[in-house]
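Ligands are counted one by one from 1 in listed order, and the atoms in each one are counted from 1 as well. The first residue in the sequence is number 1, and the count goes up from there.
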Amino acid sequence: MAQLFPACQIDPGRLGPLLGPARGRFTIVVLAECSSTSTVLLERARQGAPSGSLLIADDQTAGRGRRGRSWLSSPSAGLTFSLLWRFAGTVARLAGLSLAVGLAVARALERLGATGVGLKWPNDILLGGGKVGGILVELETAPAGMLAVIGIGLNLQMPPAGDEAFIHPPAALSQALSPPPDRHRLLAELMIELAAVLDRFDAGGFAVLRADWQRQHAWQDRPVRLLDGERVDRQGICLGADEHGALLLQTATGIERCLSGDLSLRVA
Ligand code: BTN
């Protein structure tokens, strides 16, 4: 039987030492409750918060998902946080960033012993075929380049059915990790992997991470439909992502690049 993750507030004093050499890269703030870690961190970023600012909330009252959806979570059942990362240059350098983040999350979960972790373009984390986590990357131009607020939500226990369940069945980390890791250790592994992946991304873009992403890609070489809302936009064989993070679809008329949308597996 799946074991419960104990509900507990993150203690920066406990998290810090678990980060090892990456400790100095992060400025950690913990809130018992906020509207949305991404909304609050975006506001702080505009006021000059440093790169590496990490905002964790036990509870969000208005958690946001992609495409205007809400992200439902509860303090005992989920982990919700946002990370601010600053980049030099223009938005063009950040193509594929959300895919890179997904790779970091998958690696962290695997380092903790989870098996069956997969990635779904553009930024869902899958576990045994269900959605265990989501990523919301928001970009803004800043005085010295770009800022990215990277919001991550992970299901530790099975969430109540909501909008997301309709698009993809939910999964929970408790199904894959028994006993479940301490939340501090989970967060530390996530931060260590994120720092490593974001450094590589900053130096070489998504191109240098693409092969690793393809290996984790759950629907590589499988028939898929690309949905635009409820409408089937395109369908074909999924060839993964190109070096800019665009989805490649082998269709009847050739290889097409897709820059946005929701991917859903085609019913055979
Ligand atoms: C998605 O799959 O649609 C993305 C979900 C992202 C949810 C996280 S939870 C922490 C951060 N704060 C938010 O309001 N959203 C992100």
Using a 4.0 Å cut-off to any heavy atom of Gly63, which atoms of ligand 1 qualify? 14 (O)
What do we get for Arg69 next to ligand 1 when only non-hydrogen atoms under 4.0 Å count, side chain, backbone, both or neither? neither
Taking only heavy atoms of Gly65 into account, list the atoms of ligand 1 that are under 4.0 Å away from them. 1 (C), 3 (O), 4 (C), 5 (C)
Which value, rounded to the nearest 0.5 Å, describes the distance between Asp212 atom CG and Arg107 atom CZ? 4.5 Å
What part of Asn123, side chain from CB on, backbone N/CA/C/O, both or neither, has a heavy atom under 4.0 Å from ligand 1? neither
Atoms of ligand 1 close to Thr37 [distance to a heavy atom under 4.0 angstrom, numbered from 1]: 10 (C), 11 (C), 12 (N)
For ligand 1, the portion of Ser38 having any non-hydrogen atom under 4.0 Å away: both
Would you compute the distance between atom CZ of Phe26 and atom CD1 of Ile192 and round it to the nearest 0.5 angstrom? 8.0 Å
Here the gap from Met191 atom CE to Arg23 atom CZ, rounded to the nearest 0.5 Å, amounts to 15.0 Å
Is there a polar contact between ligand 1 and Trp71, counting only N or O atoms under 3.5 Å apart? no
Rounded to the nearest 0.5 angstrom, the OG-CZ distance for Ser82 and Arg64 is 8.0 Å
Winner among Leu154, Ile56, Ile135 once heavy atoms are compared against atom 4 (C) of ligand 1: Ile135
Is the closest side-chain heavy-atom distance between Leu173 and Leu79 below 4.5 Å? no
Does a donor on one side chain sit under 3.5 Å from an acceptor on the other, for Thr80 and Thr37? no
Between Gln60 and ligand 1, is there a nitrogen or oxygen pair with a distance under 3.5 Å? yes
Under a 3.5 Å cutoff, is there a donor and acceptor pairing between the side chains of Arg234 and Thr251? no
Checking the N or O distance criterion of under 3.5 Å, is ligand 1 in contact with Lys131? yes
